Amino acid sequence: MKILNLGSLNIDRIYSVEHYAQAGETIPAKTYGEFCGGKGLNQSIALARAGAQVFHAGCVGADGGILLDTMAAAGVRTELIRESSEPSGHAVIHVDPEGQNKITIFGGANSDVTPAYIDDVLTHFEPGEMLLLQNEISNVPYAIEKGREKGMTVVFNPSPMDGGIGRCDLQKVDYLILNEVEGRQLADTDAGDAQTILEKLRQKYPKTVLVLTLGSRGSCYMDEKETFYQKIFPARTVDTTGAGDTFTGYFLAGIASGRPPREAMEYAAMASAISVGRHGASPGIPGFDEVHMKMARLKESVMQSPEQERRK
Ligand code: RIB
């Protein structure tokens with residue numbers, strides 16, 4: 001199945017720090033690196049590395065050659081991306097010693113996605129194909145509307161959450177992939193537990209497939225037929241930037257290729273566990289063979305009889 005990801009492309013400026021600076025404080029960074037990122041770009045690369053046929057659409061500035069080259073090298077189709085007169089979007093990311101991050105984004109060319117451009121991009125796709133969106137470009141509500149009108153499967157990752165989400169008709173979304181904070185806001189609840197968040201979201205969006213990510217506590221899947229929990233796979237964490245994007249890309253690649261949701265969630269969890277052990281958002285996204293091999297090894301070790309285990 002063809003997947004259209006209409007999403008952001010950023011240059012990520014990543015600083016590793018001992019702690020986040022307080023107001024009025026100046027701190028030195030231990031390391032600095034520039035990587036390709038943006039939730040859109042990261043998810044396209046994850047989709048492509050997972051084996052999906054993905055077309056990325058969005059806008060870059062005259063400085064965006066590296067973004068296009070990096071995506072093309074990963075197997076993403078980039079011919080629909082438009083050059084804007086604005087500079088490419090960028091993100092300033094501080095990563096602490098636990099691998100957690102604080103991110104500030106500047107939209108730049110990502111804010112130049114117009115309704116006319118969206119209309120043009122959609123002419124290249126058919127009903128039944130997948131449209132993936134995040135909340136880092138302009139005119140997301142319009143894209144949801146038009147994607148649904150066209151009969152595409154609309155997938156929305158409402159991240160980062162802001163006031164603009166209120167203008168999106170989420171009844172027109174087939175898959176919502178969101179974290180706990182976003183889930184609570186959309187469900188309009190202070191509840192701490194995932195089950196309550198999911199049930200409230202289910203009441204609001206009865207037909208939407210829900211995927212709720214819970215960071216180090218795993219993730220949950222809910223559709224009209226089943227609800228289940230997916231644990232995380234333990235990993236040494238150096239940088240969590242882009243782990244959620246890796247999860248989203250791998251999950252959707254699995255669904256698009258016809259894998260059952262449980263398997264798609266397992267592969268997504270394994271891919272994001274591998275990614276947190278590496279620096280940078282897009283460079284940390286593993287290839288399918290690595291993820292598949294780790295899954296196979298894991299299944300093998302679970303299948304080992306106690307006798308085989310003793311012989312090791
Ligand atoms: O999800 C991680 C991404 O968020 C980074 O790559 C950064 O560009 C921001 O968009």
Side-chain angles (χ1 to χ4, degrees), residues 5-17 20 32-49 56-61 63-64 66-68 70-71 74 76 81 86-96 98-113 132-138 140 155-162 164-165 177-183 211-216 219 237-252 268 271-286:
N5 183 8
L6 180 53
S8 59
L9 306 97
N10 288 339
I11 305 282
D12 284 355
R13 301 184 178 136
I14 305 194
Y15 304 82
S16 63
V17 291
Y20 303 127
Y32 169 72
E34 273 193 24
F35 302 98
C36 294
K39 293 183 198 309
L41 176 145
N42 297 336
Q43 292 179 20
S44 278
I45 290 184
L47 279 158
R49 295 211 171 127
H56 193 98
C59 297
V60 291
D63 56 349
I66 180 78
L67 299 166
L68 302 182
T70 301
M71 284 213 287
V76 178
I81 297 173
E86 298 293 320
S88 296
H90 76 261
V92 174
I93 304 178
H94 292 103
V95 180
D96 74 8
E98 277 73 53
Q100 303 303 317
N101 59 44
K102 284 200 170 177
I103 304 181
T104 304
I105 51 172
F106 174 73
N110 296 312
S111 306
D112 212 8
V113 173
L132 168 61
L133 298 155
Q134 312 78 27
N135 194 33
E136 280 186 344
I137 56 164
S138 44
V140 171
V155 181
F156 187 35
N157 169 216
S159 186
M161 184 67 96
D162 64 16
I165 300 281
I177 304 179
L178 68 185
N179 67 26
E180 241 177 327
V181 178
E182 293 152 0
V211 176
L212 186 68
T213 57
L214 308 167
S216 60
S219 50
T237 303
V238 300
D239 185 355
T240 56
T241 313
D245 300 329
T246 304
F247 185 99
T248 297
Y250 262 82
F251 169 73
L252 292 174
S272 64
I274 297 170
S275 79
V276 299
R278 297 171 182 168
H279 291 283
S282 63
I285 301 170

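Owing to the predicted nature of the structure, the values given are computational and were not obtained by experimental measurement. Both counts, for ligands and for their atoms, begin at 1 and track the order of listing.
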(message) Given 3.5 Å as the limit, does a donor-acceptor pair link the side chain of Asp12 with the main chain of Ile14, or not?
(response) no
(request) Compile the protein residues with any heavy atom at a distance under 4.0 Å from an atom of ligand 1; present them by chain, then by number. (result) Asn10, Asp12, Gly37, Gly38, Lys39, Asn42, Ala91, Ile103, Ile105, Glu136, Gly242, Asp245, Ala281
(request) Apply side chain to side chain contact (heavy atoms under 4.5 Å, CB included) to Glu86 and list each qualifying residue two or more places apart in sequence or on a separate chain. (result) Ser84, Ala109, Asp112
(message) Given 3.5 Å as the limit, does a donor-acceptor pair link the side chain of Asp162 with the main chain of Gly164, or not?
(response) yes
(message) To the nearest 0.5 Å, what is the distance between CZ on Arg13 and CD1 on Ile103?
(response) 14.0 Å
(request) Not counting sequence neighbours, which residues clear side chain to side chain contact (heavy atoms under 4.5 Å, CB included) with Val238? List them please. (result) Arg236, His279
Using distance only, find each side-chain donor-acceptor pair of residues 34-46 under 3.5 Å and give its atom names and separation, not counting sequence neighbours.
residue, atom, partner, partner atom, Å
Glu34, OE2, Tyr32, OH, 2.8
Asn42, ND2, Gly38, O, 3.1
Asn42, ND2, Asp245, OD2, 2.9
Gln43, OE1, Gln134, NE2, 2.9
Gln43, NE2, Asn157, OD1, 2.9
Gln43, NE2, Asp245, OD1, 3.0
Ser44, OG, Asn5, ND2, 2.9
Ser44, OG, His56, ND1, 2.7

